[in-house]
Amino acid sequence: GAGVSQSPSNKVTEKGKDVELRCDPISGHTALYWYRQRLGQGLEFLIYFQGNSAPDKSGLPSDRFSAERTGESVSTLTIQRTQQEDSAVYLCASSPFYGHSYEQYFGPGTRLTVT
Amino acid sequence: ILNVEQSPQSLHVQEGDSTNFTCSFPSSNFYALHWYRWETAKSPEALFVMTLNGDEKKKGRISATLNTKEGYSYLYIKGSQPEDSATYLCAFKGAQKLVFGQGTRLTINP
C-alpha cells in the first residue's frame, strides 16, 4: 500500500518568506509526527498529533512554526518569516495507534533551504 | 535535557563480520525504546520498538536487547552485508517527547 508522502521534496525560499510543507500519512493511521534534521544534528521532534486530542506542540522551536491536521488526514507544517537556521530536512511520520510504543512510518522528507 | 547517546558515531566493518553498537538513555521514566535504520536518500525504517526490560527482538540478521534498569540497548548485526550500510538511530520515550540519538553510521566494506 501507499506509504507516507510529503511535498514538496525540495523547497528553496528567501529569508523572511512563509513556507508550507505537506504530509499525507498512511490511511487509517491515527498518530502523526513532524521532525526536522538540521545539518550535522540528530532528528528533532517538533509536534505530535493524536487523533482529535490536543496536539503535543512541545517541540516547536518558536511561534513562527505551526502545524495543522484535520482528523486523521493530511497535515501541514507552516513556517512564517523563515530564517536561515530553519534550513533542514523536515520529516513526517505516521503510526497506526496513539502512544509511542508503536513503529513510526516515515515519509521521504522535505529539504528546506532558506537563502 | 534528556541525553540519548549512541556509540560509536561511525563504524566500518568487513562484509561477513558481525558487529554491534550501543544506545544509552536515562534509566528513569522509561516508556519505550525505538530503533530505526536510515539509508542515504531514503526514509527512516522502523526496526524495533521495545518496551520491557530484558526484551530481545530479532528481524533476520539484526537483533536488539534492552536493559531499562541500567539504561542501554544493543543492536547486533550478524554476518554484515553491503545492504546493511546505513545510519542506525535509537529513540527514547520517557515522560516527555521522543528523543533521538545522533545515530551510528555503519559502512560495510566488501
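Naming convention: chains lettered A, B, ... in sequence-line order (proteins, then strands); numbering from 1 in each chain. Predicted, not measured: the structure shown is a model, and the values here were computed from it.
- At least one donor-acceptor pair under 3.5 Å links the side chain of A:S75 to the backbone N or O of A:E68.
- Looking at B:K93, the atoms closer than 4.5 Å to chain A (heavy atoms on both sides) all sit in the side chain, from C-beta outward.
- Looking at B:Y74, B:Y88, B:Y76 one by one, the single match for ring-ring contact (aromatic ring centres under 6.0 Å, His included) with B:F21 turns out to be B:Y88.
- Under the 4.5 Å side-chain heavy-atom criterion for grouping Ile, Leu, Val, Met, Phe, Trp and Tyr, A:I26 is not connected to A:F49 through any hydrophobic cluster.
- The choice from A:G107, A:G109, A:S58 that makes the most heavy-atom pairs within less than 4.5 Å of chain B is A:G107.
- The choice from B:A91, B:G101, B:P44 that makes the most heavy-atom pairs within less than 4.5 Å of chain A is B:P44.
- A 4.5 Å side-chain heavy-atom check between B:C23 and B:L75 finds every atom pair outside the cut-off.
- Heavy atoms of A:Y48 lying under 4.5 Å from chain B are absent altogether.
- Neither the backbone nor the side chain of A:E44 comes within less than 4.5 Å of any heavy atom in chain B.
- Contact of B:L33 with chain A is not made at all, since no heavy-atom distance falls under 4.5 Å.
- Among B:A32, B:S43, B:A41, the residue with the largest count of heavy-atom pairs under 4.5 Å with chain A is B:S43.
- Of the possible polar contacts, none joining the B:S80 side chain to the B:I108 backbone as a donor-acceptor pair under 3.5 Å is found.
- The cationic group of B:K57 does not satisfy the cation-pi geometry with B:F48, failing either the under 6.0 Å distance to the six-membered ring centre or the 45° limit from the ring axis.
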